[in-house]
Amino acid sequence: MKTKDEIMQLIEEEDVEFVRLQFTDIFGRLKNIAVTPGQMERVFNNRYSFAGSAAFGDRFRYDGKLFLYPDLDTFMILPWRPQQGKVAKVCCDICMDDGTPFEMCSRHILKRTLAEVSKKGYEILIDPENEFFLFHTDENGLPTTTTHEMGGYMDVGPVDFGENARRDIVLTLEEMGFEIESSHHEHAPAQHEIDFAMDEAFHTADAIQTFRFAVRSIAKRFGLYATFMPKPKAGVAGSGMHTNMVLLKDGKEVFRTRDGQVTEEAYSFIAGILKHAKALAAIANPTVNSYKRLNSGYEAPNTISWSTTGENALVKLDSDRESTKVELRFPDGSANPYLLFACAIAAGIDGIEKGEKLCPECAVDEAERYPEDLKEAIAMLQLDPVITETLGADFVKTFSDIKRAEWKDYMMEISDWEINRYLTRI
């Protein structure tokens with residue numbers, strides 16, 4: 001564990017001029033306050049505050065201050081910043097004035113869930129499959145959805161125009177301590193995937209936030225904009241964040257026996273995920289745009305189904321000679337990873353504890369339908385006691401109110417499709 005003295009020594013030796021105090025709002029958006037080294041003693045003493053409304057986006061008023069408690073182990077110098085006058089970052093928890101955790105802090109929700117799971121002897125390992133697009137920016141540096149490339153799945157340069165940017169992203173991530181397992185061009189033009197190694201759930205959630213921040217920052221150096229938006233373009237594949245989970249109990253794999261057979265606990269874990277899938281939708285697919293990815297084909301799931309082979313299933317049981325994983329194929333990059341992991345873990349463990357029986361593997365078009373839009377998902381979230389308990393009743397109410405307002409805004413918009421479809425026909 002890093003100490004205050006070690007961090008201050010590193011700041012001095014590396015000529016760090018700014019430290020970003022990073023925190024995550026309830027929607028998974030990374031926020032920060034930048035401070036100079038002269039303010040670090042105040043930071044170490046947990047006295048750095050901010051206007052609490054920043055934890056809720058722009059639709060909720062929170063009267064009062066909240067405080068940032070730095071997780072010193074996450075202190076890191078950002079390698080893409082200038083060599084003189086470097087910039088570092090540290091992840092922070094959100095707390096109240098008296099030091100108690102802010103109950104709607106995403107990091108705290110996952111910590112709380114993992115603490116409960118740990119009491120039962122469980123540990124969760126997770127590795128995500130991170131998909132994103134690299135689009136051009138306009139003459140003002142603003143993002144577009146334009147690309148000139150026509151690359152497809154696992155294509156190489158020169159067809160893959162983003163190859164150089166992706167290579168620099170991978171090298172930078174490795175410099176930051178990531179173990180990158182693979183990277184490649186995805187199905188759609190300008191779409192890419194980078195996968196890093198499996199780790200404990202909390203570390204993985206932190207890593208996803210740092211990963212997204214790094215990807216966007218490196219892409220900008222190439223005049224590109226990296227977006228994790230689920231469905232930025234019609235007619236091509238959308239971007240997901242498939243989430244692979246391995247469950248351990250007392251250090252041993254739960255999903256497989258010593259001779260490599262799938263266990264009943266694995267099936268019950270999947271049954272728990274499917275049982276709570278409609279509520280999980282609001283967390284795994286938390287935007288209006290998420291459902292355009294799920295309902296447009298391209299191997300994106302939209303039924304409450306599982307499979308050992310099918311790509312269109314909501315959950316895939318992946319068992320080989322090395323390990324047995326439960327792969328959630330429905331989450332996307334708009335999900336808050338802390339909340340996603342907390343709720344998925346709670347759902348799966350609930351399935352094990354209640355001995356839920358998994359329905360037979362069936363064709364996806366015969367299975368019950370997953371929520372079709374954000375409005376339906378929010379309604380399902382509020383009806384699920386396990387997911388509500390995991391997040392907290394106050395969190396669910398606030399999150400649901402803001403997301404319902406987002407849905408209402410969407411329904412008030414007039415799209416180009418509507419104009420083209422109806423203007424001259426009615």
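Only a predicted model underlies this, so the values are computations on that prediction, with no experimental measurement involved.
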(request) Step through it carefully: locate the ring centre of F27, locate the ring centre of F399, and say whether they are under 6.0 Å apart. (result) yes

(message) Test your reading of the model: is there a side-chain donor-acceptor pair from D350 to the backbone of A346, 3.5 Å cut-off?
(response) no

(message) According to side-chain hydrogen bond (donor to acceptor under 3.5 Å, both in side chains), who are the partners of K397, at least two apart in sequence or on a separate chain?
(response) D401

(message) Does anything in residues 324-343 form a ring pair (Phe, Tyr, Trp, His ring centres under 6.0 Å)? List the pairs, not counting sequence neighbours.
(response) F330-Y370

(message) Taking K2 first and then D71, would you say they form a salt bridge - that is, a charged N and a carboxylate O separated by under 4.0 Å?
(response) no

(request) Decide whether E193 and N130 meet the rule of one side-chain donor and one side-chain acceptor closer than 3.5 Å. (result) no

(request) Give a yes or no on whether a salt bridge exists between K403 and E406, defined as a side-chain N under 4.0 angstrom from a carboxylate O. (result) yes

(request) Decide if the gap between the ring center of F23 and the ring center of F50 is smaller than 6.0 angstrom. (result) yes

(message) Please enumerate all residues that pass side-chain hydrogen bond (donor to acceptor under 3.5 Å, both in side chains) together with N164, with sequence neighbours excluded.
(response) R167

(message) Parallel, tilted or perpendicular, judged at 30° and 60°: which one describes the rings of F135 and F133?
(response) parallel

(request) Any pair with a residue in residues 240-255 that passes salt bridge (charged side-chain N to carboxylate O under 4.0 Å, His left out), sequence neighbours left out, goes on the list, sorted by first then second residue, please. (result) none

Could you go through residues 267-274 and list every donor-acceptor pair under 3.5 Å that involves a side-chain atom there, pairing it with any protein atom two or more places apart or in another chain?
unit_1 : atom_1 : unit_2 : atom_2 : d
S268   : OG     : E264   : O      : 3.3
S268   : OG     : E356   : O      : 2.9

Ignoring hydrogens and angles, write down the donor-acceptor pairs under 3.5 Å from the side chains of residues 168-175, residues two or more places apart or on other chains.
unit_1 : atom_1 : unit_2 : atom_2 : d
T172   : OG1    : D168   : O      : 2.8

(message) Show every salt bridge (charged side-chain N to carboxylate O under 4.0 Å, His left out) that has at least one partner inside residues 323-336, sequence neighbours left out.
(response) D127-K325, E311-R329, E327-R329

(request) Could you tell me whether the side chains of N289 and T287 share a donor-acceptor contact shorter than 3.5 Å? (result) no

Just list the side-chain donor-acceptor pairs under 3.5 Å for residues 194-203, sequence neighbours left out, or say none.
unit_1 : atom_1 : unit_2 : atom_2 : d
D195   : OD2    : S182   : OG     : 3.3
E200   : OE1    : F202   : N      : 3.0
E200   : OE1    : H203   : N      : 3.2
E200   : OE2    : F202   : N      : 3.1

(message) Quick check on side chain to side chain donor-acceptor pair (under 3.5 Å): which of E372, R369, K231 does N295 satisfy it with?
(response) R369

(request) Applying side-chain hydrogen bond (donor to acceptor under 3.5 Å, both in side chains), name anything that partners T144, two or more places apart in sequence or on another chain. (result) none

(message) For E149 and H185, which I'm curious about, is there any donor-acceptor pair between the side chains at under 3.5 Å?
(response) yes

(request) Any salt bridge (charged side-chain N to carboxylate O under 4.0 Å, His left out) involving residues 340-349? Give me the pairs, sequence neighbours left out, ordered by first then second residue. (result) none

(request) Identify the residue among Q191, E131, E186, H187 that makes a side chain to side chain donor-acceptor pair (under 3.5 Å) with S239. (result) Q191

(request) Sorted by first residue and then second, give each side chain to side chain donor-acceptor pair (under 3.5 Å) pair with at least one member in residues 211-227; sequence neighbours left out. (result) Q209-R212

(request) Verify ring-ring contact (aromatic ring centres under 6.0 Å, His included) between H192 and H184, making sure each step is shown before the conclusion. (result) CA-CA 6 Å; H192 305 267; H184 59 85; 9.1 Å; no

(message) Within the 3.5 Å criterion, strictly below it, is a donor on K31 or T24 matched to an acceptor on the partner's side chain?
(response) no

(message) For E103, is there an ion pair with R112 - N to carboxylate O distance below 4.0 angstrom?
(response) yes

(request) Please answer whether the main-chain N or O of A379 pairs with a side-chain N or O of Q382 as donor and acceptor at a distance below 3.5 Å. (result) no

(request) For R293, check side-chain hydrogen bond (donor to acceptor under 3.5 Å, both in side chains) against everything at least two apart and list the hits. (result) none

(message) We want to know whether N420 and R425 form a side-chain donor-acceptor pair, criterion being a heavy-atom distance below 3.5 angstrom.
(response) no

(message) For F102 together with Y62, are the ring centres under 6.0 Å from each other?
(response) yes

(request) Decide whether D93 and H108 meet the rule of one side-chain donor and one side-chain acceptor closer than 3.5 Å. (result) no

(message) Rounded to the nearest 0.5 Å, what separates atom CE in M245 from atom CD1 in I126?
(response) 4.0 Å

(request) Grab the two heavy atoms, one from A237 and one from A188, that are nearest each other, plus how far apart they are. (result) O-CB, 3.9 Å

